[in-house]
Asks: 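Please find one structure pasted underneath; my questions will follow.
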Amino acid sequence: MDINAQNTSSDFIRDAVADDLRSGRFNYIRTRLPPEPNGYLHIGHVKAFLIDYFIAAENNGDLILRFDDTNPAKEEVEFVDAIQQDAKWLGINWLKITYASDYFGLLYEWAIKLVKMGKAYVDDQTPEEVSKNRGTLTEPGINSPYRERSVEENLDLLARMKSGEFPDGTRILRAKIDMSDPNMVMRDPAMYRIIHEPAHHRTGREWCIYPMYDWSHGQNDSMEGITHSLCSMEYEIHRPLYEWFLDQLGEFKPRQIEFSRLNLSYAMMSKRKLRKLVESNLVDGWDDPRLTTLRAMRRRGYTAEAIVDFIKKIGVAKNTSWIDYALLESCVRDDLNKRSLRRMAIIEPLKMIIDNYPDDLVEELAAINNPEDPDAGTRTVNFSKVIYIEQDDFRETPPPKYYRLFPGNEVRLRYAYFVRCESVVKDADGNIVEIHCTYDPTTKGGDSADGRKVKSTIHWVSAAHSLPAEVREYERLFTIENPDDNEELSSIINPTSLVVKPSSRVEASLGNTTPGDKFQFERIGYFCTDLTSTKEKLVFNRTVTLKDSWAKIEKKQG
RNA sequence: UGGGGCGUGGUGCAAUGGCAGCACAUCAGCCUUUGGAGCUGAGUAUCUAGGUUCGAAUCCUGGCGCCCCAGCCA
């Protein structure tokens, strides 16, 4: 796919980048995607990824995918692979893949340089002491008793930290800046900490010290010649430190620009909570279609194009903002409307017998595959005496403004005939078992010879020619708009977030579908073939419903 | 109560001293062999108080509100 469309409007980042090119601050553009391989990509990452990708692409620059693997305690190769897959699926291309760990050696040399300059020191305080002496938001911190160690001693200690001589937590290397800086980030931030276990997924046991984000990220950006290091607002207060390190070292200094992260209503973005959801089996794995991880959305039937369109539409700014989930759904509908084949499927079947239709006749009727796309052509569907319609398309006593089928009313069976409901058959408990209709043979194809109109067209499948299927109806996973704020996960799960319809019937053409295929089930919504679907057992996921104005009317009626 | 950031319809984003606009959502209508899609229209906004200016969402000053920061996480 091509997601390089140039019609993206301007914003403060694009303006800044353009200024930098114009002023000569940089004469090329290079950005980076800096995921930490400790989880699957979700919709929140996509915004950041796409901004980086577009800024590079729009300026004929390039993009480096750099895994931020500075903490072996949290990171796994599994995610390194998954992140690449997901990013590729989105349509993102990169110049190369690198790892923060590729630069451990050079970064260590830079640290030694700082130590020699008297700008960094080894601190023997316990983590508790470090924390206590950092001060508070309103009170300055106090200097570590180890702050004025000699360069020689610092060099010696740092080398021994690196070689694994000291246990975890006993010492750190800190930048020597200012313990009274009103910005807490600048109060002698940690650069290296000691971590012996587990082995790093790439460097094994070569290192016993690992760089902190602040010490690694900006230096890596510099080493890779990144021009613009785009990140979320919470890093704004880290920018002075980002620049301090590079100024001290006299190295190439990229420009860090911050923007606000994506907040999406009803979506869980916190990696920790996402993990908790999965591990407590509240959802069915990382690709449960109710999740907003990329693999889940893909399984649900969301297209990369729709997701990219969504990100373009939300814009880029510095405000804390909440995006309505309805916007995402609108983008999904918009894309799927243009591309998906129409099919007829009955989620909750109600048997209809057409009394005056010949018992053994089967007619082949032409049905349009996609009214939005004439090239998609037509298919044939079989029509016969016994068919299924949607239970919801029949009411024994119709509410106001209901103009589907009810006793005495005439409707059109899509692509087939006008039918009129004559009678209702119920079981001993009063449940409707089947309905009987008569059809008008002169309305074949759906148009009446006498010009009479029907108010409604409903879909159907032939009982004998349709296939059984399971349909999974998904709704939002949570009952509250901001699930990230709530710790009691089980209490905020929407009980109807997944409703399985085991007895659905779909038209015969759906018999040879394969996982990932996308369809519009006419009048219902967009569906895709689930990855567990087989010829023997068809399974469809509801991606999103069609806009349903009757549902609105009905809801208003109470 | 230190520092940093941000305040434009319900939501998000524009307008860079000159008619406050776009999208989603909402409501109404048209059209329709999907109560889909499409089309038309409507309502609702510049946090606040001053100031500068012919003219302020935009510049200045004060207030108010919201977000971020006290990991050896990123």
Side-chain angles (χ1 to χ4, degrees), chain A residues 9-12 15 34-36 38 68 70-71 73-74 123 125-127 130-132 134-141 168-174 180-187 189-195 209-210 212-214 216-217 231-240 258 260 263 265 271 310 313-331 333-334 337-338 342 344 367-368 371-372 401-404 412-416 418 443 445-447 453-459 520-525 545-554:
Chain A
S9 60
S10 193
D11 54 63
F12 76 99
D15 291 346
E36 185 187 16
N38 69 346
D68 218 339
T70 57
N71 189 347
K74 298 173 70 173
D123 193 349
Q125 293 183 105
T126 64
V130 169
S131 171
K132 184 166 145 271
R134 182 157 22 232
T136 68
L137 296 178
T138 51
E139 300 161 298
D168 288 12
T170 52
R171 274 172 245 260
I172 50 173
L173 183 74
R174 301 179 77 174
S180 63
D181 196 302
N183 180 352
M184 305 279 299
V185 172
M186 300 297 276
R187 319 244 260 226
M191 294 167 63
Y192 279 111
R193 74 294 211 182
I194 302 171
I195 300 176
I209 55 173
Y210 290 91
M212 299 288 292
Y213 167 86
D214 282 317
S216 172
H217 199 95
C231 57
S232 49
M233 292 301 295
E234 66 259 38
Y235 292 100
E236 191 152 34
I237 54 168
H238 293 251
R239 181 156 28 98
E258 311 83 15
S260 66
N263 293 305
S265 64
K271 273 186 191 168
F310 168 72
K313 281 182 172 152
I314 62 177
V316 183
K318 300 177 83 157
N319 301 339
T320 305
S321 62
W322 279 90
I323 310 293
D324 190 344
Y325 200 90
L327 180 61
L328 212 205
E329 292 187 320
S330 159
C331 294
R333 284 193 190 100
D334 193 46
N337 175 49
K338 288 179 214 142
R342 313 292 131 127
M344 292 200 282
I368 295 166
E372 304 292 317
K401 291 192 178 168
Y402 184 90
Y403 45 81
R404 275 115 95 150
R412 172 165 40 230
L413 294 175
R414 182 141 230 231
Y415 302 124
F418 284 12
T443 58
D447 287 308
K453 301 280 185 204
V454 287
K455 278 217 97 172
S456 184
T457 300
I458 66 175
H459 62 283
Q520 184 198 104
F521 288 174
E522 292 216 39
R523 301 205 308 129
I524 303 175
T545 61
L546 247 24
K547 276 197 270 182
D548 187 349
S549 50
W550 165 245
K552 267 184 195 168
I553 295 168
E554 198 179 26

Asks: Kindly write out the residues that satisfy salt bridge (charged side-chain N to carboxylate O under 4.0 Å, His left out) with A:D334, not counting sequence neighbours, or none if the list is empty.
Replies: A:K338

Asks: Using a 4.0 Å heavy-atom cut-off across all strands, classify A:K401 as base, sugar-phosphate, or nothing.
Replies: base

Asks: Could you tell me which residues satisfy ring pair (Phe, Tyr, Trp, His ring centres under 6.0 Å) with A:H217, sequence neighbours excluded, listed by chain and number?
Replies: A:Y213

Asks: Ignoring the backbone of A:S321, work out which of B:U34, B:C13, B:U11 is nearest its side chain.
Replies: B:C13

Asks: When you measure from the side chain of A:R187 to the backbone of A:D181, do you find a donor-acceptor pair of N or O atoms at a distance under 3.5 Å?
Replies: yes

Asks: Would you mind classifying the nucleic acid contact of A:D447 as base, sugar-phosphate or nothing, using non-hydrogen atoms under 4.0 angstrom?
Replies: base

Asks: Pick base, sugar-phosphate or nothing for A:P371, based on heavy-atom distances below 4.0 Å to the nucleic acid.
Replies: base

Asks: Could you state the CZ-P distance from A:R414 to B:U32, rounded to the nearest angstrom?
Replies: 14 Å

Asks: What form does the base of B:G71 take, syn (within 90° of 0) or anti?
Replies: syn

Asks: Please name all residues satisfying side-chain contact (heavy atoms from CB on, under 4.5 Å) with A:W550, sequence neighbours left out, ordered by chain then number.
Replies: A:R395, A:P399, A:K401, A:Y402, A:R404, A:D548, A:I553, A:E554, A:Q557

Asks: So which atom in A:T70 and which in A:R193 form the shortest heavy-atom distance, rounded to 0.1 Å?
Replies: O-NH1, 3.5 Å

Asks: Using atom P in both nucleotides, what's the gap between B:U40 and B:G65 to the nearest angstrom?
Replies: 44 Å

Asks: When you match A:P182 and A:A416 each to their closest nucleotide on RNA chain B, which lands nearer the 5' end?
Replies: A:P182

Asks: Which residues satisfy the side-chain contact (heavy atoms from CB on, under 4.5 Å) test with A:S265, sequence neighbours excluded?
Replies: A:D324, A:Y325, A:E481

Asks: For A:I314 and B:A14, give me the distance from atom CD1 to atom C1', rounded to whole Å.
Replies: 15 Å

Asks: Would you measure the distance from the C1' atom in B:C66 across to the matching atom in B:A56 and give it in whole Å?
Replies: 24 Å

Asks: Can you build the contact string for nucleotides 37-45 of chain B? Use B for base contact, S for sugar-phosphate-only contact, and - for no protein heavy atom under 4.0 Å.
Replies: S--------

Asks: Roughly how far apart, to the nearest Å, are B:C22 and B:U34 at atom C1'?
Replies: 29 Å

Asks: What is the distance, to the nearest angstrom, from the CD1 atom on A:I553 to the C1' atom on B:G29?
Replies: 13 Å

Asks: Roughly how far apart, to the nearest Å, are B:G7 and B:C59 at atom P?
Replies: 10 Å

Asks: Would you mind reading off the distance between A:I323 atom CD1 and B:U11 atom P, rounded to a whole angstrom?
Replies: 12 Å

Asks: What do you reckon, do A:Y403 and the base of B:G35 stack, with centroid distance below 5.5 Å and planes below 30°?
Replies: yes

Asks: List the residues meeting side-chain contact (heavy atoms from CB on, under 4.5 Å) with A:D168, not counting sequence neighbours, and say none if there are none.
Replies: A:I194, A:H196

Asks: Give every pair of a protein N or O atom and an N or O atom of nucleotides 4-8 of chain B that lie under 3.5 Å apart, one pair per line with the distance.
Replies:
| unit_1 | atom_1 | unit_2 | atom_2 | d |
| --- | --- | --- | --- | --- |
| B:G5 | O4' | A:E236 | OE1 | 3.3 |
| B:C6 | O3' | A:N319 | OD1 | 2.7 |
| B:C6 | O2' | A:N319 | OD1 | 2.7 |
| B:G7 | O5' | A:N319 | OD1 | 3.1 |

Asks: Between A:R333 and A:T545, is there a donor-acceptor pair closer than 3.5 Å when you use the side chain of the first and the backbone of the second?
Replies: yes

Asks: NA contact type, A:E329, heavy-atom cut-off 4.0 Å: base, sugar-phosphate, or nothing?
Replies: nothing

Asks: Mark yes or no for whether A:R342, through its side chain, and A:E522, through its backbone, hold a donor-acceptor pair below 3.5 Å.
Replies: no

Asks: Roughly how far apart, to the nearest Å, are B:C72 and B:G2 at atom P?
Replies: 24 Å

Asks: Which residues pass the side-chain hydrogen bond (donor to acceptor under 3.5 Å, both in side chains) test with A:R134, not counting sequence neighbours?
Replies: none

Asks: With sequence neighbours left out, write down each residue that passes side-chain contact (heavy atoms from CB on, under 4.5 Å) with A:Y403, or none if nothing qualifies.
Replies: A:K455, A:S456

Asks: Distance-only, no hydrogens or angles: does the A:N183 side chain make a donor-acceptor pair with backbone N or O of A:I237 under 3.5 Å?
Replies: yes

Asks: Find every protein N or O atom lying less than 3.5 Å from an N or O atom of nucleotides 70-74 of chain B, and list the pairs.
Replies:
| unit_1 | atom_1 | unit_2 | atom_2 | d |
| --- | --- | --- | --- | --- |
| B:C72 | OP1 | A:R134 | NH2 | 3.0 |
| B:C72 | OP2 | A:R134 | NH1 | 3.2 |
| B:C72 | OP2 | A:R134 | NH2 | 3.4 |
| B:C72 | N3 | A:G169 | O | 3.4 |
| B:C72 | N4 | A:Q125 | O | 3.0 |
| B:C72 | N4 | A:P127 | N | 3.3 |
| B:C72 | N4 | A:G169 | O | 3.0 |
| B:C73 | OP2 | A:R193 | NE | 3.1 |
| B:C73 | OP2 | A:R193 | NH2 | 3.0 |
| B:C73 | O3' | A:R193 | NH2 | 3.2 |
| B:C73 | O2' | A:K74 | NZ | 2.9 |
| B:A74 | OP1 | A:T70 | OG1 | 2.7 |
| B:A74 | OP1 | A:R193 | NH1 | 3.3 |
| B:A74 | OP1 | A:R193 | NH2 | 2.9 |
| B:A74 | OP2 | A:Y213 | N | 2.9 |
| B:A74 | O3' | A:D68 | OD2 | 3.0 |
| B:A74 | N6 | A:H238 | NE2 | 3.4 |
| B:A74 | N3 | A:Y235 | OH | 2.6 |

Asks: Give the rounded distance in Å between these two atoms: OH of A:Y325 and C1' of B:C24.
Replies: 15 Å

Asks: Assign each of A:F12 and A:L413 to its nearest nucleotide of RNA chain B by heavy atoms, then name whichever residue's nucleotide is nearer the 5' end.
Replies: A:F12

Asks: Looking at residues at least two apart in the chain, or sitting in another chain, which of them share a ring pair (Phe, Tyr, Trp, His ring centres under 6.0 Å) with A:F521?
Replies: A:F527, A:F540

Asks: For Watson-Crick and G-U wobble pairs within 3.5 Å on both distances, what is RNA chain B written in dot-bracket notation, | included for inter-strand pairing?
Replies: .((((((..((((....[..)))).(((((.......)))))....(((((..]....))))))))))).....

Asks: Could you tell me how far B:G51 sits from B:G10 if I compare only their P atoms? Round to whole Å.
Replies: 28 Å

Asks: Any donor and acceptor pair, going by atom type alone, linking the side chain of A:N263 with main-chain N or O of A:S321 inside 3.5 Å?
Replies: yes

Asks: Taking atom C1' in both B:A14 and B:C68, what distance in whole Å separates the two?
Replies: 26 Å

Asks: Considering only atom C1', compute the distance from B:U46 to B:C13 and round it to an integer number of Å.
Replies: 14 Å

Asks: A:L328 CG to B:A23 P: how many Å, rounded?
Replies: 19 Å

Asks: In whole angstrom, what separates A:I368's CD1 from B:G36's C1'?
Replies: 13 Å

Asks: A:D15 near the nucleic acid: base, sugar-phosphate alone, or nothing, with a heavy-atom cut-off under 4.0 Å?
Replies: base

Asks: Could you check whether A:S260 and A:N319, counting side-chain N and O atoms only, form a donor-acceptor pair closer than 3.5 Å?
Replies: no

Asks: Can you spot which of A:R174, A:R171, A:K132 makes a side-chain contact (heavy atoms from CB on, under 4.5 Å) with A:Q125?
Replies: A:R174

Asks: How many Å lie between CG on A:N183 and P on B:C69, as a whole number?
Replies: 12 Å

Asks: What is the nucleic acid contact for A:Y402, judged by heavy atoms within less than 4.0 Å: base, sugar-phosphate only, or nothing?
Replies: base

Asks: Base, sugar-phosphate or nothing for A:V454? Non-hydrogen atoms, less than 4.0 Å.
Replies: nothing

